[in-house]
Amino acid sequence: MSEEIGGPYFRGQEPCHCGHYYPDVLRIKESLGDGGTVVYEYDCCICKTTYTVRMPGVFSYSTKSPKPMDHVEMHDYRKAERRRLRSK
């Protein structure tokens with residue numbers, strides 16, 4: 001069975017902007033954009049792309065962006081999270 005099967009992984013899980021679900025979609029960066037927008041950068045292993053979402057809001061410097069991961073670390077993290085979510 002493919003590791004990239006797609007969600008939802010639990011009842012009531014909402015899809016991300018591309019239509020896929022966490023952990024297939026991971027937030028990899030967060031920053032302050034123009035006009036007070038918060039810029040979120042996501043990586044989707046189903047779409048095979050990285051995309052950016054700009055949202056109005058208050059950027060909090062206390063909110064840290066996720067720890068940078070290489071592709072192997074992202075794959076391993078997604079695999080572990082899929083197992084964890086499906087076991088609930």
Between E30 and V39, is there a side-chain heavy-atom distance shorter than 4.5 Å? no
Side chain to side chain contact (heavy atoms under 4.5 Å, CB included) partners for P15, two or more places apart: Y21
Interatomic spacing from CD in E41 to OG in S31 - rounded to 0.5 Å: 8.0 Å
Stepwise side-chain contact (heavy atoms from CB on, under 4.5 Å) test for L26 and Y42: CA-CA 5 Å; L26 296 177; Y42 294 91; over 6 Å; no
One should read off an interatomic distance between Y40 OH and M55 CE, to the nearest 0.5 angstrom, of 6.5 Å
With side chain to side chain donor-acceptor pair (under 3.5 Å) as the test, pick out the partner of D43 among R27, R78, K29. R78
Nearest heavy-atom pair of Y77 and Y22: which atoms, and what distance? OH-OH, 2.7 Å
Would you check, one step at a time, whether the test side-chain contact (heavy atoms from CB on, under 4.5 Å) holds for R86 with F10? CA-CA 7 Å; R86 287 192 174 122; F10 54 87; over 6 Å; no
Do you know the tightest heavy-atom contact between G7 and D24? N-OD2, 3.6 Å
Sequence neighbours excluded, which residues qualify as side chain to side chain contact (heavy atoms under 4.5 Å, CB included) partners of C44? C18, H20, V25, I46, C47, Y51
Nearest heavy-atom neighbours spanning T37 and R54: OG1-NH1, 4.3 Å
